[in-house]
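Remember, it's a predicted structure, so these values are computed and weren't measured experimentally. Counting starts at 1 for both ligands and their atoms, in listed order.
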Amino acid sequence: MRQRKLGQHLEVSALGLGCMGMSFFYGQPPDTAEMTKLLRAAVDRGVTFFDTAEVYGPFTNEDLVGHALAPVRDQVVIATKFGIKHGEHGPTPMSGVDSRPEQIRRVTEASLKRLRTESIDLLYQHRVDPDVPIEDVAGTVKELITEGKVKHFGLSEAGAETIRRAHAVQPVTALQSEYSLWMREHETEIIPTLAELGIGLVPYSPLGKGFLTGKIDSSTSLADNDLRRLLPRFSPEAREANQALVSLLRQIADDKGATPAQIALAWVLAQKPWFVPIPGTTKLHRLEENLGALDVELTTGDLRRIEEAAADIRIQGERLPEQLQSRFGR
Ligand SMILES: NC(=O)c1ccc[n+]([C@@H]2O[C@H](COP(=O)([O-])OP(=O)(O)OC[C@H]3O[C@@H](n4cnc5c(N)ncnc54)[C@H](OP(=O)(O)O)[C@@H]3O)[C@@H](O)[C@H]2O)c1
């Protein structure tokens with residue numbers, strides 16, 4: 001498996017595995033024993049970078065990842081996240097943010113236990129907390145690093161100014177933010193800032209939450225508890241309009257003897273050598289398909305063709321529901 005470097009020192013497999021969907025988000029979560037097998041199969045195939053968060057479940061995803069990877073703990077890099085408020089049922093994406101230093105410490109201790117580890121390889125702030133100066137957040141993580149409880153610091157969906165201020169207190173190893181062929185907003189300010197500061201990017205939802213694989217169209221029914229229902233970009237009308245992008249991916253895929261999912265991932269990988277996408281799946285055959293993206297070589301001509309064709313496609317539907325928009329890019 002090819003390796004990539006995040007920040008100055010964190011070496012990981014060029015594709016990571018997003019674990020969220022194994023416990024949360026896409027309707028009824030799959031069987032835990034099956035997911036344990038899948039995580040171990042990923043390790044067998046050379047994946048060393050695993051992404052979880054306190055809020056996934058909540059709590060159960062960290063527990064699953066910790067249990068599954070315990071036998072190979074020294075061979076893998078585990079990333080997790082704090083910073084979503086604990087409501088009545090634990091943290092939920094809608095319950096607000098909380099990065100008070102005492103809360104960061106509490107969450108870190110609990111994550112260490114669930115992950116069955118002495119140190120978290122990469123600890124991200126999940127969303128910027130407007131009530132806590134980012135210097136205090138970075139300072140708290142710095143102390144946790146000094147104490148040996150955390151190895152690297154990350155941010156998620158933070159704005160350029162926040163990234164700079166955090167980095168001045170504790171070097172940031174990676175920013176984890178949404179990035180894919182249908183979500184390129186970060187190209188204007190964020191990615192140049194990361195390049196300047198030597199911070200890696202971990203693009204999440206690199207498959208557009210499944211849409212860019214071509215397996216979803218306007219008639220696909222999403223389960224009642226599938227959170228994509230809340231996203232304007234997944235309304236049936238938007239799905240219908242956005243098929244134009246899938247058609248483009250399918251054309252390139254046909255020409256290259258690949259699949260649309262592989263082209264979507266190969267495109268992200270081709271943007272910068274310091275991007276490490278973390279596609280999520282709950283199925284072994286899709287994990288293998290996604291890893292196959294590493295063997296797809298997009299030439300300069302292919303990339304130009306994608307660029308030109310994509311420029312003519314107007315993506316329909318906001319990526320976020322209105323009530324969450326203010327939490328992104330602060
Ligand atoms: N920092 C943040 O705020 C944040 C937000 C969202 C996600 N994340 C992280 O990023 C990871 C990935 O993001 P994501 O789950 O939002 O989106 P994604 O990786 O773009 O898409 C995952 C979806 O695509 C499907 N899929 C995967 N491979 C496929 C293939 N080859 N063919 C067809 N369908 C395929 C999966 O379904 P199956 O399971 O059925 O294959 C799942 O529904 C998450 O697991 C999480 O760790 C972070």
Kindly confirm or rule out an N or O of T52 lying under 3.5 angstrom from an N or O of ligand 1.
no
Six-ring centre of W182, R233 cation under 6.0 angstrom, axis tolerance 45°
yes
I want to confirm something. Looking only at heavy atoms, which of M35, Q176, K215, R286 is nearest to atom 1 (N) of ligand 1?
Q176
N/O to N/O below 3.5 Å, does that happen between L207 and ligand 1?
yes
Would you find a donor on one side and an acceptor on the other, under 3.5 Å apart, between the side chain of K149 and the backbone of E109?
no
Just heavy atoms, cut-off under 4.0 Å: does E178 contact ligand 1 by side chain, backbone, both, or neither?
neither
Does any N or O in the side chain of R114 come within less than 3.5 Å of the main-chain N or O of T60, such that one atom is a donor and the other an acceptor?
no
Do we see a donor-acceptor contact under 3.5 Å between the side chains of S13 and R2?
no
Among non-hydrogen protein atoms, atom 28 (N) of ligand 1 lies closest to N290 ND2, 3.0 Å
SB check E147 R105 (cutoff 4.0 Å)
yes
Answer with side chain, backbone, both or neither: which part of A261 has a heavy atom less than 4.0 angstrom from an atom of ligand 1?
side chain
Have a look at ligand 1 and work out which part of F25, if any, has a heavy atom under 4.0 Å from it: side chain, backbone, both or neither.
neither
Give the residue and atom name of whichever protein heavy atom lies nearest to atom 41 (O) of ligand 1, and the separation in Å to one decimal.
T281 OG1, 2.6 Å
So, regarding M20 and ligand 1 (criterion: nitrogen or oxygen to nitrogen or oxygen, under 3.5 Å), is there a contact or not?
yes
